[in-house]
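In what follows, a structure is listed as structure tokens, so that the remarks can point back to it.
The first residue in the sequence is number 1, and the count goes up from there. Values below: every heavy atom of this structure, side chains too, minus hydrogens, waters and symmetry copies.
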Amino acid sequence: ILFTNAPFSISNLDAERTRIYELLRNNGYYFYQKPYTTFLADTIAVPGKVQLQVHMHDSLPSIATHKWVIGKTEMQIKRSVMESLTDSIRRRFLTIRFSGKKPPLRPRVIFAATKIRPGALFSEDLYEESVNNLSSLGIFSNVDITFTPRYNPDGTVKEVADSIVQKYGAQRAGAGILDMSINTVLDKPYDVSLTAMGKGKTNGRIGPGLTLGLSKRNAFRGGELLSA
């Protein structure tokens with residue numbers, strides 16, 4: 001975006017700041033923010049030219065320069081915001097917390113929608129894709145994914161074990177651990193619609209008519225919408 005002899009503009013600086021932010025956030029730097037990228041512009045050294053340098057903010061927190069790997073993952077499925085969850089199951093890499101005999105959503109549907117997995121570096125794109133996939137199921141009134149860093153007792157960042165580095169690659173060496181929680185609230189299970197319309201009668205006249213529609217969300221615990 002920024003290159004020699006390009007016009008100097010604030011919009012280009014903002015675009016470059018966004019590019020750096022997205023690059024780092026898609027490569028594990030969960031705590032990096034756009035304002036951490038700053039620019040130093042010298043308009044005096046060369047007449048008619050701007051000597052531009054890209055810097056990290058002077059007060060950049062150390063946590064922002066740390067890569068982060070996804071650790072424990074869980075999903076909470078509530079029927080209301082205030083509901084207390086009493087049951088849980090563990091499937092593959094995910095703990096599902098719910099109330100009742102079975103989770104309201106089949107684990108395979110959750111796996112298909114959730115693109116962030118344990119052992120992977122945090123990725124902004126995969127985070128947004130996971131939120132969008134879960135929201136597009138049409139069964140939740142609220143979807144929120146939160147990340148919590150792990151710390152050692154002395155307050156330092158807890159880094160991934162050597163076994164994780166050996167399994168997933170050297171790119172994860174020295175990375176911190178982010179535990180992920182998918183927090184969801186189910187939407188109301190039924191939608192009822194009533195439509196007024198004109199209806200032909202046997203005498204050839206048009207009279208009023210009503211059509212009643214009923215839809216059930218998540219009819220078979222797979223995110224389906226059953227309409228009648």
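- Judged by distance alone, with hydrogens and angles left aside, the side-chain atoms of Arg117 form no donor-acceptor pair with the main-chain N or O of Ile70 at under 3.5 Å.
- Using modelled atom types, one side-chain atom of Arg79 and one backbone atom of Ser99 make a donor-acceptor pair closer than 3.5 Å.
- Closest approach of Ala64 and Tyr29 over heavy atoms only: O-CD2, 3.6 Å.
- Ring-centre distance between Tyr36 and Tyr21: not below the 6.0 Å cut-off.
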**Worked check of side-chain contact (heavy atoms from CB on, under 4.5 Å) between Thr114 and Thr73** = CA-CA 11 Å; Thr114 308; Thr73 59; over 6 Å; no

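- Side chain to side chain, Ser181 and Asn183 meet the donor-acceptor criterion of an N or O pair below 3.5 Å.
- In this structure Glu124 satisfies the side-chain hydrogen bond (donor to acceptor under 3.5 Å, both in side chains) test together with Arg25, sequence neighbours excluded.
- Among residues two or more places apart in sequence or in another chain, the salt bridge (charged side-chain N to carboxylate O under 4.0 Å, His left out) test is passed with Asp179 by Arg150.
- Met75 and Leu85 are assigned to two separate hydrophobic clusters, defined by single-linkage of ILVMFWY side chains at heavy-atom distances under 4.5 Å.
- Of the possible polar contacts, one joining the Lys115 side chain to the Ala112 backbone as a donor-acceptor pair under 3.5 Å is found.
- His66 places no side-chain N or O within donor-acceptor distance of the main-chain N or O of Gly28, the cut-off being under 3.5 Å.
- Using modelled atom types and a 3.5 Å distance limit, the side chains of Gln51 and Gln53 yield no donor-acceptor pair.
- In terms of modelled atom types and a separation under 3.5 Å, the side chain of Arg172 and the main chain of Gly119 share a donor-acceptor contact.
- Geometric assessment of Arg91 against the ring of Phe111 yields a negative cation-pi assignment under the 6.0 Å and 45° thresholds.
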